[in-house]
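I have placed the structure first, in the form of structure tokens, so that the comments after it can refer back to it.
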Amino acid sequence: QVQVVESGGGSVQAGGSLRLSCVASGYVTGNFVCMGWFRQAPGKKREGVAGIHTSDGSTYYADSVKGRFTLSQDNGRNTLDLEMNSLKPEDTAMYYCAASDDRNCGGMWYRSSAIGTKIWGQGTQVTVSS
């Protein structure tokens, strides 16, 4: 059974840091091709935060998080951590990890929750207080 599991959310004051972890499992024929982090704040659409192509290591970061958030991937390529520094109240959201075995994923796959096939985790809450 293919599944994605996130962990590491929590509450922090503005300027603080959190690290989210994602483990994708169950893809029996290889590794997932794309993995990414998305977030959804109350009343807003789910948006792409950061993503990686596990084969070539190319990455995507939303403009709002560039320079503050960093992805890291393990050697097995089915785990993806998101290090979040200099957190702001506007980073408050439910954070979701997604994975795909679609060889054509990339580009808009990272930006939009509605583009391409995605296996979603259950989400982990991040709350940043001012």
Side-chain angles (χ1 to χ4, degrees):
Q1 179 181 358
V2 178
Q3 62 177 357
V4 174
V5 179
E6 307 97 335
S7 61
S11 298
V12 66
Q13 289 190 327
S17 299
L18 285 172
R19 188 179 183 93
L20 306 183
S21 294
C22 171
V23 178
S25 61
Y27 181 38
V28 298
T29 60
N31 294 306
F32 291 97
V33 179
C34 288
M35 294 183 71
W37 285 95
F38 297 76
R39 67 187 181 186
Q40 188 168 18
K44 295 189 177 181
K45 292 174 59 177
R46 190 174 299 187
E47 63 178 0
V49 174
I52 189 167
H53 194 285
T54 64
S55 295
D56 62 25
S58 58
T59 56
Y60 160 78
Y61 292 94
D63 288 343
S64 59
V65 307
K66 282 180 181 176
R68 300 188 298 121
F69 291 11
T70 305
L71 291 169
S72 61
Q73 182 184 29
D74 79 341
N75 291 334
R77 298 188 291 166
N78 280 346
T79 70
L80 185 66
D81 288 358
L82 183 67
E83 180 72 30
M84 305 185 296
N85 298 315
S86 302
L87 283 162
K88 304 175 182 180
E90 51 263 44
D91 294 318
T92 295
M94 185 71 79
Y95 282 70
Y96 298 89
C97 182
S100 174
D101 60 358
D102 182 355
R103 294 184 179 182
N104 296 316
C105 65
M108 284 303 297
W109 188 95
Y110 304 122
R111 292 169 170 79
S112 172
S113 63
I115 300 296
T117 58
K118 292 180 170 67
I119 301 167
W120 293 100
Q122 81 287 352
T124 185
Q125 178 68 36
V126 171
T127 302
V128 184
S129 58
S130 57

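Quick caveat, the model's predicted, so the values are computed rather than measured. All values below were derived from every heavy atom in this structure, side-chain atoms included, with hydrogens, water molecules and symmetry-related copies excluded.
Side-chain contact check for E6 versus W37: some heavy-atom pair is nearer than 4.5 Å. Using a 4.5 Å heavy-atom cutoff, the side chains of L82 and T70 are not in contact. Under the 4.5 Å side-chain criterion, counting only non-hydrogen atoms from C-beta, T127 is in contact with Q125. With contacts defined as side-chain heavy-atom distances shorter than 4.5 Å, the pair M84/Y95 qualifies. In this structure, the side chains of L18 and L87 come closer than 4.5 Å at one or more pairs of heavy atoms. Within the 4.5 Å cutoff, the side chain of V23 has no heavy atoms near those of the N78 side chain. Taking 4.5 Å as the limit, some side-chain heavy atom of L71 sits within range of a side-chain heavy atom of L80.
Counting non-hydrogen atoms of neighbouring residues, nucleotides and ligands closer than 6.0 angstrom, the CD atom of E83 exceeds 12 such neighbours.
Qualifying side chain to side chain donor-acceptor pair (under 3.5 Å) partners for S11, counting only residues two or more places apart in sequence or in other chains: none. Partners of S17 by side chain to side chain donor-acceptor pair (under 3.5 Å), not counting sequence neighbours, listed by chain and number: N85. Residues that satisfy the side chain to side chain donor-acceptor pair (under 3.5 Å) test with S86, not counting sequence neighbours, are absent from this structure. Residues passing the side chain to side chain donor-acceptor pair (under 3.5 Å) test with K44, sequence neighbours excluded: none.
The line from OG1 of T124 to CG of L20 is 6.0 Å long, rounded to the nearest 0.5 Å. The distance from the CD atom of Q73 to the OG1 atom of T79 is 7.0 Å, given to the nearest 0.5 Å. A distance of 14.0 Å separates OG in S130 from NZ in K88, rounded to the nearest 0.5 Å. Taken to the nearest 0.5 Å, the CZ atom of R46 stands 9.0 Å off from the CZ atom of F38. Between the CG atom in D102 and the CD1 atom in I115 there is a gap of 12.0 Å [rounded to 0.5 Å].
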| Passes side-chain contact (heavy atoms from CB on, under 4.5 Å), H53 versus V33? Steps please. | CA-CA 6 Å; H53 194 285; V33 179; 3.3 Å; yes
| task | Let me see the working for S7 and R19 under side-chain hydrogen bond (donor to acceptor under 3.5 Å, both in side chains), right down to the final yes or no. | result | CA-CA 9 Å; S7 61; R19 188 179 183 93; over 6 Å; no
| request: Test side-chain hydrogen bond (donor to acceptor under 3.5 Å, both in side chains) on S100 and T117 and set out the steps. | output: CA-CA 6 Å; S100 174; T117 58; 3.3 Å; yes
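Using a 4.0 Å cut-off between a side-chain N of Lys or Arg and a carboxylate O of Asp or Glu, D63 and K66 qualify as a salt bridge.
Between A41 and A93, the shortest heavy-atom contact is N-CB, 3.8 Å. Across A99 and M35, no two heavy atoms sit closer than the pair CB-CG, 4.1 Å. Closest non-hydrogen pair, Q122 versus V4, comes out as OE1-O, 3.8 Å.
A cation-pi geometry, defined here as NZ or CZ lying under 6.0 Å from the six-membered ring centre and within 45° of its normal, does not hold between R39 and Y96.
Counting only residues at least two apart or on different chains, no side chain to side chain donor-acceptor pair (under 3.5 Å) pair has a member in residues 107-116. Screening residues 95-130 for disulfide (SG to SG under 2.5 Å), with sequence neighbours left out, gives C22-C97, C34-C105.
Residues V49 and I52 fall within the same hydrophobic cluster, defined by Ile, Leu, Val, Met, Phe, Trp and Tyr side chains chained together at heavy-atom separations under 4.5 Å.
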